[in-house]
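Just so you know, these numbers use all the heavy atoms, side chains as well, and skip hydrogens, waters and symmetry mates. Only a predicted model underlies this, so the values are computations on that prediction, with no experimental measurement involved. As the structure lists them, so they are numbered: ligands from 1, and atoms in each ligand from 1.
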Amino acid sequence: MDILYVTSEAAPFSASGGLGDVMGALPQAVKSASPDDRVSVILPYYKKKVPESLASSFKLVTEFRFKYVWRDSYAGIYSAEMGGVTYYFVDNEQYFMRDGLYGEYDDGERFAFFSTAVVEFLFKMDKLPDVIHANDWQSALTVVYLRTKYYDYKPFRSIKTVYTIHNIEYQGKYDLAILGDIFGLDDRFRPVVEYDGCINLMKGALVVADRVTTVSPNYACELRQAYFAYGLQHVINANGHKLSGIINGIDTAYFSPDRGGEIAFPYSLSDVRDGKAKNKAAMQRELGLPIRRDVPLAVMITRLARQKGVDLLTCILDELLGSDMQFVILGTGDADYEQTLAEIAGRHPDKMRALFKFDRALSKRLYASADIFLMPSRSEPCGLAQMIACSYGTIPVVRAVGGLYDTIVPYGREGANGFVFNNYNAHELLFRVKDAISLYRNPEEWGKLITGAMTTDFSWDRSAKKYLNLYRGL
Ligand code: ADP
């Protein structure tokens, strides 16, 4: 099989969030799981973003000009090899030589150009891919173009298409007036992308793709409801027969408690109790909290956004901190949340710290030193933090939503690795954290939960096999 991923970002070349991480890891995992398949990834060449150490190995594959809407446009295709995967970079400095990846006034045009360039590049390939896997709104048009304006070119019809929703909040919505001038689609194809009075690129891909996936099975179910689907529930339901969810993995080598140098006292499952206690003492010292081995330390590492359930936390924190425990939150985002959290921390100087910065190294030290991890999300397509917490033996307390429901098995069940509550209700969160704190006082039961957490398989291998099955099925 020959699989081509189309994406607007992929780590380590250029990544701004979850999509970049997934597109960095999934193609590599697919290649490892099935070495005989050819796996490639195509993305824009953001010349200001790609680290020089990587860009210096790029090779120019081809250059061509093509008609993008009314312009005669240039595309250069560069390539690099990594782990057996070929990465192609679409070069056009007018569109991609920018300071950021997105948020530009002409994003619609930039990614319409990108999608057109991808399809035009297919004409130059020795062999067409069997599967094209596009992601989020930025590459939705690749799939749309293959099934609309390029449909008359018969060889493209045998290419199967997969489209993945990583974040349904951003759908690529534009005024219908620019359908022809920017998106290069004439009126015959208007029904494909038209939705709710405007152009909706994600909707177009949902309609024409052979299969649609999202990043957890439970989120795939939730997307059928208005509450989660940001207006697309009708399209999701009408195309439900081709929708499925495959959970993301985490980089288990990168998020591993036995990596020396990153945390003060590396540990593994065999010495987890002792390792965590030492890291906790180091963290308490670092943050100026009372140094106590026996006190449970709860942490939350998150964007400070409504989606993450920060409201629930701020409702109950004062009450929760009445217990004998310590709490640290590391996050950036909404200024109102920062202020509220700083006020609460100010009332509990011996128990709480609120740290408002994005700091990977500190996040790892916190995962390693904490006992309990809070993730009371309002919605959560997949969620990585709960899986990372598990791999450090830090017990997650999560709301049963999206991927949290799929990954965290509640205490009391076979294979338990955390605590779960159902409703978006602050006291359900409070009671579940209190359950965790009381179980922490029972070393034998707590140890079983830690074993459950640290032995749950969150590797990409499992997910890669599921994607491979999907491609083979097509
Ligand atoms: P989302 O992608 O919605 O923000 P995820 O749980 O999928 O949530 O991924 C969040 C990732 O970002 C995790 O790896 C988490 O550790 C990390 N993270 C979030 N906030 C911070 C921060 N302030 N400092 C360091 N890492 C953070």
Side-chain angles (χ1 to χ4, degrees), residues 9 11-12 15-26 101-102 135-136 164-170 214-216 218-219 222 228 230 245-257 259 262-263 283 286-287 298-310 313 327-335 337-338 341-342 345 353-370 372-394 396-399 401-408 418 453 458-460 463:
E9 52 180 276
S16 72
L19 171 63
D21 290 346
V22 174
M23 281 298 114
L26 174 64
L101 266 49
Y102 323 113
N135 298 275
D136 273 355
T164 296
I165 304 169
H166 299 259
N167 191 342
I168 201 163
E169 204 174 329
Y170 303 99
T214 187
V215 290
S216 69
N218 189 42
Y219 192 59
E222 290 171 346
F228 293 98
Y230 287 85
I246 300 177
I247 203 91
N248 287 334
I250 56 168
D251 184 338
T252 44
Y254 179 74
F255 291 111
S256 163
R259 272 169 74 116
E262 302 203 305
I263 56 178
M283 181 53 69
E286 182 175 337
L287 297 177
V299 300
M300 187 158 164
I301 299 171
T302 183
R303 286 185 288 121
L304 296 175
R306 188 170 173 271
Q307 181 212 327
K308 295 295 180 179
V310 189
L313 180 78
F327 176 66
V328 178
I329 183 160
L330 170 65
T332 49
D334 193 319
Y337 288 138
E338 289 192 10
L341 287 161
R353 291 290 178 272
L355 312 167
F356 306 122
K357 54 184 167 180
F358 191 94
D359 185 337
R360 275 266 183 233
L362 174 58
S363 79
K364 287 186 173 185
R365 294 202 297 283
L366 279 169
Y367 283 116
S369 44
I372 298 166
F373 188 83
L374 307 191
M375 202 157 169
S377 305
R378 188 186 286 268
S379 69
E380 197 61 76
C382 174
L384 299 176
Q386 82 281 13
M387 300 194 252
I388 300 170
C390 282
S391 63
Y392 284 84
T394 306
V397 177
V398 307
R399 178 163 172 249
V401 69
L404 297 174
Y405 173 88
D406 291 321
T407 49
I408 302 306
F458 292 126
S459 69
W460 267 108
S463 311

Checklist entry - Can you list every pair that meets salt bridge (Lys or Arg N to Asp or Glu O under 4.0 Å) and has a residue in residues 246-257, with sequence neighbours left out? => result none
Checklist entry - Excluding sequence neighbours, so at least two apart, what forms ring-ring contact (aromatic ring centres under 6.0 Å, His included) with Tyr337? => result none
Item to check | Pairwise salt bridge (Lys or Arg N to Asp or Glu O under 4.0 Å) hits with a residue in residues 377-388, at least two apart | outcome: Lys308-Glu380, Asp311-Arg378
Checklist entry - Can you find a pair of side-chain heavy atoms, one from Phe327 and one from Leu374, that are under 4.5 Å apart? => result yes
Next on the checklist: Does the Lys NZ or Arg CZ of Lys364 fall within the cation-pi geometry relative to Tyr392 - under 6.0 Å from the ring centre and within 45° of the axis?
Outcome noted: no
Does ligand 1 have any N/O pairs with the protein under 3.5 Å, and how far apart?
residue: ligand 1; atom: 3 (O); partner: Arg303; partner atom: NH2; Å: 2.7
residue: ligand 1; atom: 3 (O); partner: Lys308; partner atom: NZ; Å: 2.8
residue: ligand 1; atom: 4 (O); partner: Arg303; partner atom: NE; Å: 2.8
residue: ligand 1; atom: 6 (O); partner: Leu384; partner atom: N; Å: 3.0
residue: ligand 1; atom: 6 (O); partner: Ala385; partner atom: N; Å: 3.0
residue: ligand 1; atom: 7 (O); partner: Leu384; partner atom: N; Å: 3.1
residue: ligand 1; atom: 8 (O); partner: Lys308; partner atom: NZ; Å: 3.0
residue: ligand 1; atom: 14 (O); partner: Arg360; partner atom: NH1; Å: 3.2
residue: ligand 1; atom: 16 (O); partner: Tyr367; partner atom: OH; Å: 2.6
residue: ligand 1; atom: 23 (N); partner: Lys357; partner atom: O; Å: 2.8
residue: ligand 1; atom: 24 (N); partner: Asp359; partner atom: N; Å: 3.0

Checklist entry - Is Thr394 reaching over with its side chain to a backbone N or O of Tyr367, donor-acceptor style, under 3.5 angstrom? => result yes
